[in-house]
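Since the structure comes first, as structure tokens, the remarks are kept for the end.
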Amino acid sequence: MLHKPITRRSLLGLGAAGAASLLFSGCTTERSDGKVEVEIVSYKQEAVSIFEQLMNEFNSTHDDIYLNIQSPADAVTVMKTRFVRENYPDVIGIGGDADYASFTDSNILADVSDCPTMEEVNPAYRDILESVTYVPMDGVFGVPYVANAAGMLYNVDMFEEKGWEIPTTWDELIALCDEIKAEGEVLPFYLGYLDTWTILSPWNSITTNLVPSDLARQVNAGTAKFSDYYREPAEMMLQMLDYAEEGPFAYSYNDACTAFARGQAAMYPCGSFAVPQILSVNPEMNIGMFPMPSAKNPDDRIVVSGVDLQWCVAESCQHKDAVYEMISFLAQPENIQTYIDDQRAIPCLEGDFTLDPLFDGVAEWIEEGKVLDYLDHSYPSAMACDAQLQTMLLSKDIDAFLEKWDTDWQRYNRSVIRKVQAAESQE
């Protein structure tokens with residue numbers, strides 16, 4: 001497989017990152033000290049300190065390999081700029097999202113099915129990665145490392161003090177909200193929808209329980225429409241507004257995290273990624289998570305969980321053996337435990353790990369593999385799906401929302417639709 005750089009046309013508007021690419025000298029096979037250098041560019045800037053710790057430990061225990069982990073600001077833009085210049089890092093640390101799908105589709109990533117660590121990956125997360133690609137691919141193009149999860153965050157101490165039960169159906173959730181609202185002491189939810197991306201978290205958690213897991217692929221194949229499935233989730237999103245802060249579109253993500261941390265709301269429909277921000281306001285807060293109770297049958301509830309970090313090897317990498325040695329080191333149980341303790345993450349590898357108490361309420365789903373990826377990982381960024389959801393919530397016009405979603409999907413997803421339909425015709 002030949003690697004193919006992303007074209008400059010596809011990166012119009014990203015020129016400001018050009019200077020950033022000069023920070024990196026590119027792939028080098030051997031250093032002056034004789035060591036093989038493995039360069040990782042990771043998008044997890046919040047994990048810089050733990051990466052430095054693991055990097056130093058690796059370098060102190062390996063005489064023949066030097067590990068160099070870079071976590072620049074706006075890392076994905078930096079990566080794309082480097083790809084245009086055909087200046088590829090050895091390893092790309094990204095999530096299992098639309099960028100990963102684009103990199104795979106552009107033949108930038110190498111098949112890593114021969115990486116020994118793949119044998120330890122939880123099959124659910126391998127399946128999630130496969131579901132993200134536009135069309136079925138021969139091979140494996142990322143080694144999943146850690147995941148996150150989304151559902152309903154809740155104030156554990158408040159629930160215990162009030163004697164509130166964890167809802168398992170939507171009706172139970174609304175009944176609980178009515179009870180909390182009637183008491184008038186706190187809000188049932190805090191939303192903070194000023195930052196449009198925050199709307200995607202409850203949308204993902206609600207909708208995943210109500211639509212076919214491969215709906216995006218069905219739509220791309222021309223056998224389904226989003227409007228056939230998205231009305232009920234849209235109605236649920238509107239219903240939540242009745243139990244949240246007044247004017248949630250005036251409050252940001254930080255506002256919502258702060259209000260939840262200060263006990264102004266009992267619940268916060270968000271993901272595990274928000275917990276560090278919440279605890280920065282209230283380090284003593286006891287936060288739990290339960291699956292979004294939007295499934296028709298409580299036994300069918302699904303936890304939204306995506307690959308938050310995976311190791312993708314550039315097709316141009318000249319020393320895969322050294323890269324696999326590095327991946328094997330990071331996959332050692334003690335190193336994974338160090339990372340998940342620091343980042344409150346979920347390991348993608350099977351093993352006897354201790355998860356943060358945050359995940360106690362969803363551990364059963366994670367262990368049984370009852371997880372599905374974030375829907376928005378399949379949404380084209382140019383379509384601005386989060387903004388469309390915000391418009392729907394402001395206007396309360398679900399019909400217009402559904403019509404625009406289907407129309408815009410065909411407009412912004414043309415190339416993917418062609419690929420999917422061409423692949424379908426060959427089966």
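Only this structure's heavy atoms are used, side chains among them; waters, hydrogens and symmetry mates stay out.
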Yes or no on side-chain contact (heavy atoms from CB on, under 4.5 Å) for Glu235 and Met237, after CA distance, side-chain angles and deciding distance? CA-CA 5 Å; Glu235 290 171 346; Met237 291 285 288; over 6 Å; no
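- Counting heavy atoms from C-beta outward, Asp99 and Lys80 have side chains that approach closer than 4.5 Å.
- Remark: Phe58 CZ is packed, more than 12 non-hydrogen atoms of other residues, nucleotides or ligands lying under 6.0 Å away.
- Under the 4.0 Å criterion applied to side-chain N and carboxylate O atoms, Arg301 and Glu172 are not assigned as salt-bridge partners.
- In this model, a donor atom of one side chain and an acceptor atom of the other lie less than 3.5 Å apart for Asn68 and Gln70.
- For Met240 against Ile206, the heavy-atom pair with the smallest separation is SD-CD1, 3.8 Å.
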Please walk me through it: do Asn413 and Tyr379 pass side-chain hydrogen bond (donor to acceptor under 3.5 Å, both in side chains)? CA-CA 9 Å; Asn413 229 30; Tyr379 295 167; over 6 Å; no
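- Here the NZ atom belonging to Lys44 is positioned 12.5 Å from the CD1 atom belonging to Ile50, to the nearest 0.5 angstrom.
- Between Trp197 and Tyr253, the two ring planes are tilted [angle within 30° to 60°].
- Enclosure of atom NZ in Lys296 is not indicated, since only 12 or fewer non-hydrogen atoms of other residues, nucleotides or ligands lie within 6.0 angstrom.
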Check the pair Ile346 / Asn148 against side-chain contact (heavy atoms from CB on, under 4.5 Å), numbers first and verdict last. CA-CA 6 Å; Ile346 300 167; Asn148 54 26; 5.7 Å; no
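- The closest side-chain heavy-atom distance from Pro333 to Asp352 is not below 4.5 Å.
- Taking 4.5 Å as the limit, some side-chain heavy atom of Phe329 sits within range of a side-chain heavy atom of Glu57.
- Few gaps surround NZ on Lys320; more than 12 heavy atoms of other groups in view lie less than 6.0 Å from it.
- Side-chain contact of Tyr374 with Asp97: a donor-acceptor pair under 3.5 Å is absent, judged by distance alone.
- For the pair Met326/Ile65, no side-chain contact is recorded, criterion being any heavy-atom separation below 4.5 Å from C-beta on.
- Enclosure of atom CD in Glu119 is not indicated, since only 12 or fewer non-hydrogen atoms of other residues, nucleotides or ligands lie within 6.0 angstrom.
- Side-chain atoms of Asp341 and Gln337 form a donor-acceptor pair, as typed in the model, at a separation below 3.5 Å.
- Ring orientation note: the planes of Phe83 and Tyr88 are close to parallel, at an angle under 30° on the 30°/60° scale.
- Residue Lys404 qualifies as open at atom NZ: its count of foreign heavy atoms under 6.0 Å is 12 or below.
- Side-chain contact between Tyr154 and Pro167: absent, with no pair of heavy atoms (C-beta onward) separated by less than 4.5 Å.
- Pairing each heavy atom of Trp203 with each of Ala234, the nearest pair is CZ3-N, 3.8 Å.
- A salt bridge links Asp399 to Arg231: one of the charged nitrogens lies within less than 4.0 Å of a carboxylate oxygen.
- Side-chain atoms of Ser102 come within 3.5 Å of backbone N or O of Ala98 as a donor-acceptor pair.
- Checked against Ile92 for a side-chain contact (heavy atoms from CB on, under 4.5 Å), the options Val76, Val41, Leu109 give a single hit: Leu109.
- Side chains of Tyr125 and Ser305: a donor-acceptor N/O pair is present below 3.5 angstrom, by distance only.
- Minimum heavy-atom separation, Phe141 to Ala110: CD2-O, 3.5 Å.
- With hydrogens and angles left out, the side-chain atoms of Ser113 and Asp111 include a donor and acceptor closer than 3.5 Å.
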Start with the C-alpha gap between Thr168 and Phe290, add the side-chain angles, then the distance that decides, and say whether side-chain contact (heavy atoms from CB on, under 4.5 Å) holds. CA-CA 9 Å; Thr168 62; Phe290 59 83; over 6 Å; no
Report the C-alpha separation of Asp406 and Ser227 in whole Å, then their side-chain angles, then the decisive distance to 0.1 Å, and conclude whether the side-chain hydrogen bond (donor to acceptor under 3.5 Å, both in side chains) test is met. CA-CA 7 Å; Asp406 274 331; Ser227 53; 2.7 Å; yes
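- No side-chain donor from either of Tyr145 and Asp308 sits under 3.5 Å from a side-chain acceptor of the other.
- Side-chain contact of Asn335 with Thr338: a donor-acceptor pair under 3.5 Å is absent, judged by distance alone.
- Closest of all the heavy-atom pairs between Tyr100 and Val132 is CD2-CG1, 4.2 Å.
- Closest approach of Asp373 and Gly306 over heavy atoms only: OD1-CA, 3.4 Å.
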Step-by-step side-chain contact (heavy atoms from CB on, under 4.5 Å) determination, Asn254 to Asp195: CA-CA 9 Å; Asn254 286 343; Asp195 300 313; over 6 Å; no
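- In summary, the aromatic rings of Phe359 and Trp365 are positioned with their centroids too far apart to meet the 6.0 Å limit.
- Taking every heavy atom of both residues into account, Asp90 and Glu39 meet most closely at OD2-N, 2.8 Å.
- In Glu403, the CD atom is not crowded: 12 or fewer heavy atoms of neighbouring residues, nucleotides or ligands sit closer than 6.0 Å.
- Asn59 places a side-chain heavy atom less than 4.5 Å from the side chain of Tyr66.
- One finds no salt bridge joining Glu179 and Lys181 here, because no Lys/Arg side-chain nitrogen approaches an Asp/Glu carboxylate oxygen to under 4.0 Å.
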